[in-house]
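The analysis underlying the following values was restricted to heavy atoms, covering all of them including side chains, and did not include hydrogens, waters or symmetry mates. Just so we're on the same page: letters track the sequence lines, and every chain starts at 1.
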Amino acid sequence: MDAILKGLTESQVQAVTHIDGPLLILAGPGSGKTRVVTHRIAYMIAQGVSPSQIAAVTFTNKAADEMRNRVGELAPGKPVWMGTFHRFCAQLLRRYAPLAGLSENYSIYDSSDSKQAMKRAIQAAEVSISHTSPEQIASTISNAKNRLVTPEMMASGSSRTGDVVAAKVYPIYQQQLLTANAVDFDDLLFHVAIMLRNNPELRSDLDARFRYILVDEYQDTNLAQYAIVRGLSIDNANLAVTGDPDQSIYGWRGADLNNILDFEKDYPAVKTVRLEQNYRSTPNILRVADQLIRHNRQRKQKDLYTHNQEGDAVVLRIFEDGYQEADGIADEITNAIRAEGMRPRDFAILCRMNALTRSLEHSMRSRGLPYQIINGVEFYQRKEIKDLLAYLHLINNPSHDVAFHRVVNVPTRGIGAKTIERLRRYADVNQVPMLEAARNVYQVEGIAKRSATFVTRFVEIYDRLSKKASATLEDLLRYLVEETKYEAFLEKSTVDQQDSSAIANVDEFISAAVEFDRQHPEDGTLEAFLEQVALVADTDAFEDSDDRVTLMTLHAAKGLEFPCVYIVGVEQGLLPHSRSMDTDAGFEEERRLFFVGITRAMQRLQLSICKRRTVRGDTRPAVPSPFLNELPLDELRKVESVVDRDWFDEDPDADNQYPESWDLADESDDIVMNGDTGNGDTGNGDAGEVHETAAPFFDEACQLPESELAEIVQVKKRKPASVPGLKTAADMLNGGMTPVTAYREGTQVRHIEYGEGTVISITGRGPKRTATVRFDDGEHHFRLAFANLEVIDV
DNA sequence: CAGACCAAGCTTTTT
DNA sequence: GCTTGGTCTG
């Protein structure tokens with residue numbers, strides 16, 4: 001008991017020792033919330049509460065795992081249910097599937113499955129989508145589910161044209177899901193919420209079963225989640241929620257800030273505990289966060305404070321473009337690791353969009369910095385993995401139409417689009433699964449005998465696979481790959497693309513199956529495996545045990561902390577994102593997102609912006625985020641990297657936009673400079689440049705006072721001017737410039753860090769021309785336009 | 001019907 | 001820049 005309460009502050013003890021009755025913990029960032037929650041669970045158990053009556057619900061598996069580990073230390077071996085909302089609902093639904101019109105082996109569609117299903121429903125509904133799009137309809141229906149709007153309710157109450165279309169599609173989409181014995185992500189919550197509402201007895205049973213419920217990140221709950229939690233806390237109102245209105249960043253997913261703002265109204269007997277002391281960040285960082293979030297109108301004022309030592313000033317850094325931003329940050333991290341004994345795991349780079357991680361990834365890789373990316377293009381989205389998964393899904397649930405569609409002709413076996421279309425029609429008309437239609441192929445109108453034979457052959461393969469359904473996953477998968485000749489198919493289709501990764505992925509997938517078998521010797525069913533796969537998020541891939549730099553989105557970073565944090569692309573249109581800045585609510589949510597990012601940092605924080613940003617292939621001028629103007633500018637350390645060299649090939653307009661760069665754009669096509677702006681009076685010239693570019697740059701968006709411009713620190717990324725006074729391309733060539741074309745395979749080069757090496761290959765062109773160089777300590781890649789290589793011998 | 005080749009569209013954020 | 005979807009040819 002002492003161990004549980006030891007070292008906690010007054011308010012933390014209050015929260016931990018509260019057992020019965022509603023509890024609201026308003027916890028600012030870094031206030032030890034997880035600690036409070038885990039200690040509270042341990043305390044409850046120590047006070048005699050049965051662990052099996054406690055359910056702790058989180059939003060991510062990562063958060064649940066962390067909680068499980070920490071509770072495990074405090075109260076070993078106690079079976080407290082912990083997991084995500086979706087997993088919680090998936091398990092309830094498994095149990096009570098018939099109440100929702102499902103069988104207990106129902107499948108969970110992932111987002112791409114849902115997308116396919118939606119397209120099919122739109123077709124079947126025979127609606128015109130000329131004034132809307134599948135995405136819009138999907139999002140309307142998703143929102144409806146999150147607000148517990150049923151198809152019937154929507155049919156009666158909508159007016160907007162898009163809604164009318166969606167209202168027509170919705171019932172058909174739902175019907176098709178039921179026919180497929182499947183649910184989408186929203187349904188997991190939706191079905192359970194409706195089930196609780198319609199079955200009072202079940203509701204009260206479960207209310208008693210889960211006497212104590214804890215909900216983490218309560219500010220992110222939507223109406224469906226609210227209804228579920230509420231429904232389970234009527235007879236036993238022992239509901240403890242934690243959250244921070246300032247960290248609500250899932251409004252787009254239907255999260256309703258009012259759920260937390262009104263908690264005290266919902267439960268008048270609530271005990272509210274505020275955790276405002278921050279144990280994570282330096283006062284410098286906290287001031288920046290606080291100043292920013294004060295600009296939100298929709299919030300409860302909260303006073304964040306800390307007793308931590310004053311630390312380094314927060315840095316605002318200005319780069320030329322995204323590539324330099326990536327290189328600059330990678331360089332800094334490299335230096336900090338080398339010079340200050342930091343570890344790669346101490347660093348996180350956060351961005352608004354996954355797409356921004358690409359150049360960062362490149363920069364890290366070229367420096368040999370170990371990194372992990374937490375993003376969307378992950379394992380289970382790969383084609384080959386999705387194929388195999390689809391087979392498994394179909395084995396587990398013969399009604400899984402999306403899976404059927406995916407695998408029926410993979411590997412190709414003579415079943416074409418027309419045949420599939422006819423099967424689909426038959427299935428739609430008769431409301432049977434497509435596999436069923438395939439079994440009845442000879443009754444399906446319009447299918448040629450030849451095609452029907454192929455379909456029958458597929459059904460036979462399927463039936464053989466089905467017999468193995470209860471084998472271990474490993475056996476099943478190996479048999480599947482064998483039986484479908486899947487590897488041969490991969491080899492054939494990738495022979496010209498030199499992409500051997502597909503087969504490696506299949507092997508990795510089998511390893512994952514082996515691992516699952518090992519971890520679940522008793523309950524390792526196919527169903528359990530598929531559910532686990534469906535409910536793991538990309539963010540769950542985060543491994544804090546690995547010593548790597550972490551790259552992720554701001555959303556994925558919630559709940560984490562790092563000694564050093566870089567937030568990239570703090571620009572108009574990116575943060576706030578252009579799709580979110582139209583409404584006040586959207587704009588404020590972006591501000592909260594920025595707030596979340598800032599408060600991840602313990603010791604150091606760097607925000608960066610670029611003058612140009614390349615999005616979707618084309619480069620355009622970037623404008624600093626209006627949020628920057630809301631920060632305490634006078635205490636930020638502003639750093640602008642001097643233009644090392646510029647490169648405007650492939651972008652004829654660029655020199656018009658940035659006339660100050662250099663007037664050599666014409667000749668610069670094939671020239672790379674080694675380490676200098678080529679500007680004779682670098683210091684003055686650059687200062688002038690900065691003034692010219694930065695003044696309008698800031699005046700519009702940030703209103704940075706002129707006096708502060710002078711304080712902008714000039715940082716040279718690479719060697720200082722070595723050959724001043726260059727005027728012409730010819731001069732440059734003589735004066736240490738090396739044309740990109742001078743690099744060939746076999747060229748001997750010298751690098752300032754890696755020493756001497758040999759070019760072993762050249763790829764790309766223009767600014768992207770890249771050399772792979774072998775040094776004594778391994779290979780490194782250099783973009784020649786930016787590389788600091790010196791040619792020794794051609 | 002398969003496979004190759006080309007055009008369009010599109011990316012916030014996640015369970 | 002990349003993926004998806006469509007079209008064309010064998």
#### Entry: A:Asp401 and A:Arg120 ion-paired at < 4.0 Å
yes
Rounded to the nearest Å, what distance is computed from the [atom1] atom of residue [X] to the [atom2] atom of nucleotide [N]?
X: A:Asp220; N: B:dT14; atom1: CG; atom2: P; result: 12 Å
X: A:Asp186; N: B:dT14; atom1: CG; atom2: C1'; result: 11 Å
X: A:Ile374; N: B:dT14; atom1: CD1; atom2: C1'; result: 14 Å
X: A:His555; N: B:dT14; atom1: NE2; atom2: C1'; result: 8 Å
X: A:His577; N: B:dT11; atom1: NE2; atom2: P; result: 10 Å
X: A:Asp187; N: B:dT15; atom1: CG; atom2: C1'; result: 13 Å
X: A:Leu535; N: B:dT14; atom1: CG; atom2: C1'; result: 12 Å
X: A:Leu530; N: B:dT15; atom1: CG; atom2: P; result: 18 Å

Counting side-chain heavy atoms from C-beta on, which of [options] comes nearest to [X]?
X: A:Gln116; options: C:dG1, B:dT14, C:dG5; value: C:dG5
X: A:Thr60; options: B:dT15, B:dC1, B:dT11; value: B:dT15
X: A:Arg616; options: B:dC1, B:dT14, B:dC10; value: B:dC10
X: A:Lys119; options: B:dA2, B:dC1, C:dT4; value: C:dT4
X: A:Lys418; options: B:dT13, C:dT4, B:dC1; value: B:dC1

#### Entry: A:Glu135 or A:Thr84, whichever maps to the more 5' nucleotide of DNA chain B
A:Glu135
Using a cut-off of less than 4.0 Å, is there contact between a side-chain N or O of [X] and OP1 or OP2 of [N]?
X: A:Asn354; N: B:dT14; result: yes
X: A:Ser580; N: B:dT13; result: no
X: A:Thr553; N: B:dT14; result: yes
X: A:Asn409; N: B:dA2; result: yes
X: A:Thr412; N: B:dG3; result: yes

For [X], report the nucleic acid contact type (base, sugar-phosphate, nothing); a contact means any heavy atom under 4.0 Å.
X: A:Ile415; answer: sugar-phosphate
X: A:Tyr250; answer: sugar-phosphate
X: A:Ser578; answer: nothing

### Message
With heavy-atom distances below 4.5 Å as the criterion, would you say the side chains of A:Glu588 and A:Arg299 are in contact?
### Response
no
### Task
Output yes if the stacking criterion (under 5.5 Å between centres, under 30° between planes) is met for A:Trp252 over the base of B:dT13, else no.
yes
### Message
Side chains of A:Asp184 and A:Tyr173: any donor to acceptor distance under 3.5 Å?
### Response
yes
### Query
Side chains of A:Asn296 and A:Asp246: donor-acceptor distance under 3.5 Å anywhere?
no
### Query
Relative to each other, are the rings of A:Tyr250 and A:Phe59 parallel, tilted or perpendicular (30° and 60° limits)?
parallel
### Task
List the steps and the verdict of side-chain contact (heavy atoms from CB on, under 4.5 Å) for A:Leu388 and A:Tyr486.
CA-CA 9 Å; A:Leu388 294 181; A:Tyr486 194 77; 4.1 Å; yes
